[in-house]
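In what follows, a structure is listed as structure tokens, so that the remarks can point back to it.
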Amino acid sequence: MSTEQTIRLTILAFGAGLAVPLALQLFLTLRTAQRTIASTRLRMERTLDGLDGVIARFQGASPTTQALSAFGAALVPAAAAAFKAWREAAAAADAPGPPPIENTSSRENGHART
């Protein structure tokens with residue numbers, strides 16, 4: 001076997017050794033992506049079917065019920081946010097912390113602003 005043939009065979013072997021694992025990894029990645037997309041599609045279809053049912057019930061409701069539903073939808077997050085703010089304020093009042101920082105101007109503390 002000549003030197004040129006040996007070099008060609010080595011390059012071919014290196015290329016095959018590189019291409020086979022890359023092709024296998026690409027196949028596995030694409031198969032996993034396909035399975036994920038299929039399962040997500042099924043879940044989305046079930047969710048949209050349920051949402052269609054809710055919309056149908058909401059459209060069949062009286063205007064008073066629709067107004068009360070909208071009011072309830074706005075009231076629940078607002079009440080939750082108010083409760084969270086109240087709880088955080090109560091926790092901050094009970095927690096020991098550093099003394100409050102007094103707001104002094106640059107002239108009062110002896111340093112000039114530049």
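Residue pairs meeting the salt bridge (Lys or Arg N to Asp or Glu O under 4.0 Å) criterion with at least one partner in residues 15-42, sequence neighbours excluded, are R41-E45.
A distance of 11.5 Å separates CE of M44 from CG of L42, quoted to the nearest 0.5 Å. Here L12 contributes atom CG and I7 contributes atom CD1; the two are 13.5 Å apart, rounded to the nearest 0.5 Å. Between the OG1 atom of T6 and the CD1 atom of I11 there is a distance of 11.0 Å, given to the nearest 0.5 Å.
Looking at heavy atoms from C-beta onward, L26 lies in side-chain contact with L30 at the 4.5 angstrom threshold.
Across P21 and L18, no two heavy atoms sit closer than the pair CD-O, 3.5 Å.
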- [ ] Show your reasoning for whether side-chain contact (heavy atoms from CB on, under 4.5 Å) applies to K84 and R87.
- [x] CA-CA 5 Å; K84 182 180 176 186; R87 215 172 76 194; 5.7 Å; no

